[in-house]
Engineer: 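Would you mind keeping the following structure in view while I ask a few things?
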Amino acid sequence: MPEATYHFPRGFLWGAATAAHQVEGNTTNNQWWKWEQEGHTNGLSGLACNWWNGRWREDFDRAAEAGQNAHRFSVEWSRIQPAPDRWDEDALERYRAMLRGLRDRNMTPLITLHHFTDPLWVYEQGGWENDQIISWFERFVRKTVDALKEYCTLWVTINEPNIYALSGYVGGTFPPGVNDVRRAMRVQANMIRAHAASYRAIHAIQRESRVGYALHYRPMVARSWSPLDHLMRSIRYNGINMAFPSAISTGVMKSPLGNLAIPEARGTQDFLGINYYSQDTVWFDLRNPKELFTRSGYPSEADVSENRFIANIPEGFYHTLEWAVKTYPNLPILVTENGVEDSTDRLRPRYLAQHIHQMWRAVNFNWPIKGYFHWTLVDNFEWERGWTQRFGLWALDPQTQKRVKRPSADLYAAICKENGLSSEMVQTYCPEVADTLFPT
Ligand code: BGC
């Protein structure tokens, strides 16, 4: 194997991503907490990583010592605005302290304003199906950005609006556990409107801000040559991926149920946030009307994660970045999430190295990829899957709060510090892919 290093451009952002409900603990005033108490999840978020009581300090130390120069976290709407007419200044002060914590560690912050959770008062009034959400959300965004603007200029308005809408209103695994494509599309449309309003609000408050959203993008391939499988692939692909991107490109939201004009959405992004985990194989299934007769899975020979939740398909990451750059030429791209569930760290080192390698291929064409945020820093509460899936560079025992470093944390530290991926790193942490990543 030759000795070589795949380097990234100077100033590249390397970090990890987290979300409030998954790490803070005791976020009792949102719909997810309620959903957990109703028994829909595999365990309870409880104290999570206990960040609300200050454990973020030691985890930010870990990240900084491991060479990370950026961090993406989210603020919890239900803490900042616990009731429609109440703002909690102490909560905002805690977020300001976290931002100072990042500044003191020379880490660039990226704040997500909405990551799957809604205050109970919003949920009880119909959540994102209620058209009033657009002004509710905008008001919250104004207040929050105004309070935090001293420390942060990078903003993600909404994380994975497609997953929020589809898991809550088609898959039924997220609250409110509904099964109705029409309602899912209404939710997405309101998320697009709220995003557009927030985009303008943030720019009005902070001229130098850079605002985007984080798209969960799933590349897809048809299972066979059959035209039906191809048709299903295209229906599913558009249904899952395209609502937001189409609205932002053209002002018209594409949906499997028809198109909807949202002209104010056009051009409302300064960067595209991409969350990539895996690629789906899609086929026609008469028994699945709920998902418009489409079904998806992974090939039987795929390199799958512990719970088969993710297949390690690094080329899918390359195709994702290629799609992004062709759809929005010259628009900066941030990889806002990428990672794998793996409690034993059997798969993660090669998953990480192979995905970084694909990102390097993309960067090497001068595609404007500006940073990468690994999901995630420390094991945290994985929504309906609770604690059954472990995505952390550090393992967490939620009972004792003890953190234990996984080998991947060292591999990622080496990548961050070198601003690149070397043959030596691959040889040390995942020799099984050395020949494919560094061919002779
Ligand atoms: C979400 C994260 C989640 C991760 C892994 C993404 O869809 O944004 O909140 O933890 O996937 O499941």
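Whatever order the structure lists them in is the order used to number ligands and atoms, beginning at 1. Values reported hereafter were calculated over all heavy atoms of this structure, with side chains retained and with hydrogens, waters and symmetry mates removed. Keep in mind it's a predicted model, so treat the numbers as computed, not measured.
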Engineer: Considering only non-hydrogen protein atoms, determine which one is nearest to atom 6 (C) of ligand 1 and report residue, atom name and distance to 0.1 Å.
Structural biologist: E337 OE1, 3.1 Å
Engineer: Any idea how H357 and Y6 line up, ring-wise: parallel (<30°), tilted (30 to 60°), or perpendicular (>60°)?
Structural biologist: tilted
Engineer: Give the numbers and elements of all ligand 1 atoms closer than 4.0 Å to a heavy atom of H216.
Structural biologist: 7 (O)
Engineer: Is the Y277 ring parallel, tilted or perpendicular to the F391 ring (thresholds 30°, 60°)?
Structural biologist: perpendicular
Engineer: Parallel, tilted or perpendicular for W77 and W121, by the 30°/60° rule?
Structural biologist: perpendicular
Engineer: Using heavy atoms and a threshold below 4.0 Å, how should the contact between Q389 and ligand 1 be classified: side chain, backbone, both, or neither?
Structural biologist: neither
Engineer: Once you measure the plane-to-plane angle for F137 and H114, does it fall in the parallel (<30°), tilted (30-60°) or perpendicular (>60°) bin?
Structural biologist: perpendicular
Engineer: Atom 3 (C) of ligand 1: which of E384, E382, R385, E160 has the nearest heavy atom?
Structural biologist: E382
Engineer: Looking at F391, which atoms of ligand 1 are within less than 4.0 Å of one of its heavy atoms?
Structural biologist: 5 (C), 12 (O)
Engineer: Would you say N29's side chain and P82's backbone share a donor-acceptor pair under 3.5 angstrom?
Structural biologist: yes
Engineer: Does N159 come within less than 4.0 angstrom of ligand 1, counting non-hydrogen atoms of the residue?
Structural biologist: yes
Engineer: To the nearest 0.5 Å, tell me how far R295 CZ sits from D280 CG.
Structural biologist: 12.5 Å
Engineer: Under 4.0 Å from ligand 1, counting heavy atoms only, is it the side chain of T376, its backbone, both or neither?
Structural biologist: neither
Engineer: Enumerate the atoms of ligand 1 whose separation from the nearest heavy atom of Y277 is less than 4.0 angstrom.
Structural biologist: 4 (C), 5 (C), 6 (C), 11 (O)
Engineer: Taking heavy atoms and a distance under 4.0 Å, where does H115 meet ligand 1: side chain, backbone, both or neither?
Structural biologist: side chain
Engineer: Which word best sums up how the rings of F116 and W383 line up, parallel for under 30°, tilted for 30 to 60°, or perpendicular for over 60°?
Structural biologist: perpendicular
Engineer: Need the ligand 1 atom indices (1-based, order shown) with element for anything under 4.0 Å from a heavy-atom of Q22.
Structural biologist: 2 (C), 3 (C), 9 (O), 10 (O)
